[in-house]
Amino acid sequence: MKKKNNRPSWDEYFLKLAMLASERSTCPRMHCGCVLVKDRFVLATGYNGSIPGQPHCEEAGCLIVDNHCARTNHAEINALVQAAVHGISIKGADVYITNMSCTTCAKALIAAGIKRVIVFSDFHDTLATDFYTKCGVEIVKLKMPEIKINYDLKNYISARKTKKSR
């Protein structure tokens, strides 16, 4: 859903930010990123990783319980915690996540007042979609945004030369 000028749509832009956040993940089993947005303003970000002060999966290995890594908080929880620590309400916000929420994260986001979930990848064995739907949270599934960043170097260089010649 690109515009004529090749700029990403707002949803693609914020999904790309979630993809970038996922690069900070410290659990090798899955890298997930989350961005909380309201009125096109980023409120908080998160990625899956260990609780502060504790070893990361990359260092200590994954702590598997019922086929899930119990060592890490999920990206959605870390974004919610970041917002809470900084006193930011996310009521009425949109959430951009790289992978569909697990059931627990979906319940937390619903309780916090999320109105819309934008995601490009499914998650296994979850009731998230059902909970979001029953609670009136809109789910928008997009294709994974293009990973490449399209820099317009030609126009950038031309503009800098024009500015210097003034």
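All values reported here derive from a predicted model rather than from experimental measurement.
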Quiz prompt | Separation of S121 OG from K143 NZ (nearest 0.5 Å) | solution = 15.0 Å

Quiz item: Side chains of V81 and N73: does their closest heavy-atom pair fall under 4.5 Å?
Solution: no

Exercise. Looking only at non-hydrogen atoms, find the nearest pair between T26 and P28 and report the distance.
Key: O-CD, 3.7 Å

Quiz item: Does a side chain donor of either R116 or Y132 reach within less than 3.5 Å of an acceptor in the other side chain?
Solution: no

Quiz item: Rounded to the nearest 0.5 Å, how far apart are OG1 of T45 and CG of N78?
Solution: 9.0 Å

Quiz item: Would a distance-only check, ignoring hydrogens and angles, find a side-chain to backbone donor-acceptor pair under 3.5 Å from K38 to K91?
Solution: yes

Quiz prompt | Evaluation steps, side-chain contact (heavy atoms from CB on, under 4.5 Å), between T103 and F131 | solution = CA-CA 8 Å; T103 305; F131 285 160; 3.3 Å; yes

Practice problem: For R24 and Y47, work out which heavy atoms get closest and say how close. | Solution: O-CE1, 3.2 Å

Quiz item: Heavy atoms, side chains only, cut-off 4.5 Å: are E76 and I97 in contact?
Solution: yes

Quiz item: Where the side chain of R29 meets the backbone of C62, is there a donor-acceptor pair that is under 3.5 Å apart?
Solution: no

Exercise. Of all the heavy-atom pairs spanning L80 and A112, show the shortest one and how long it is.
Key: CD2-CB, 3.9 Å

Quiz item: How many angstroms lie between CG in L43 and CD1 in I88, if you round to the nearest 0.5 Å?
Solution: 6.0 Å

Exercise. Answer yes if V85 and I51 sit in the same cluster of Ile, Leu, Val, Met, Phe, Trp and Tyr residues linked by side chain heavy atoms under 4.5 Å apart, and no otherwise.
Key: no

Practice problem: Please examine the side chains of T133 and I139, heavy atoms only from C-beta on, and report whether any two atoms are closer than 4.5 Å. | Solution: yes

Practice problem: Count the heavy atoms belonging to other residues, nucleotides or ligands that lie under 6.0 Å from NZ of K115, then report whether that count exceeds 12. | Solution: no

Quiz prompt | Exam field: side chain E23 to backbone L20, donor-acceptor pair closer than 3.5 Å | solution = no

Quiz prompt | Heavy-atom pair of closest approach, residues F120 and M19 | solution = CE2-CG, 3.7 Å

Quiz item: Do side-chain atoms of S22 reach the backbone of H31 as a donor and acceptor pair under 3.5 angstrom?
Solution: no

Exercise. Measure the spacing between CG of L142 and CG of L15 and express it to the nearest 0.5 Å.
Key: 5.5 Å

Quiz prompt | Between CG on residue N99 and SG on residue C32, distance to nearest 0.5 Å | solution = 4.0 Å

Quiz item: So, N48 and T72: side-chain donor and acceptor under 3.5 Å apart, yes or no?
Solution: no

Quiz item: Given side chains that start at C-beta, do those of C34 and H74 come closer than 4.5 Å, heavy atoms only?
Solution: no

Quiz item: Taking the side chain as C-beta and beyond, is there a heavy-atom pair between L36 and V42 under 4.5 Å?
Solution: no

Practice problem: Let me see the working for V119 and K141 under side-chain contact (heavy atoms from CB on, under 4.5 Å), right down to the final yes or no. | Solution: CA-CA 5 Å; V119 62; K141 273 196 96 173; 3.9 Å; yes

Exercise. For the residue pair Y13 and W10, categorise the inter-ring angle as parallel (less than 30°), tilted (30 to 60°) or perpendicular (more than 60°).
Key: perpendicular

Quiz item: Do the side chains of I77 and V65 join up, straight or via other hydrophobic residues, at under 4.5 Å, putting them in one cluster?
Solution: no

Quiz item: Could D11 and K16 be called an ion pair, given the rule that one side-chain N must be under 4.0 Å from one carboxylate O?
Solution: no

Quiz item: Going from NE2 on H68 to CE on M30, what distance comes out if it is rounded to the nearest 0.5 angstrom?
Solution: 9.5 Å

Quiz item: So, for A128 and S101, which heavy atoms are closest and what is the spacing to 0.1 Å?
Solution: CB-O, 3.2 Å

Exercise. Test I110 against V137 for side-chain contact (heavy atoms from CB on, under 4.5 Å), laying out the working first.
Key: CA-CA 8 Å; I110 291 165; V137 176; 4.2 Å; yes

Quiz item: How far apart are the closest heavy atoms of F14 and V35, and which atoms are they?
Solution: O-CG2, 4.1 Å

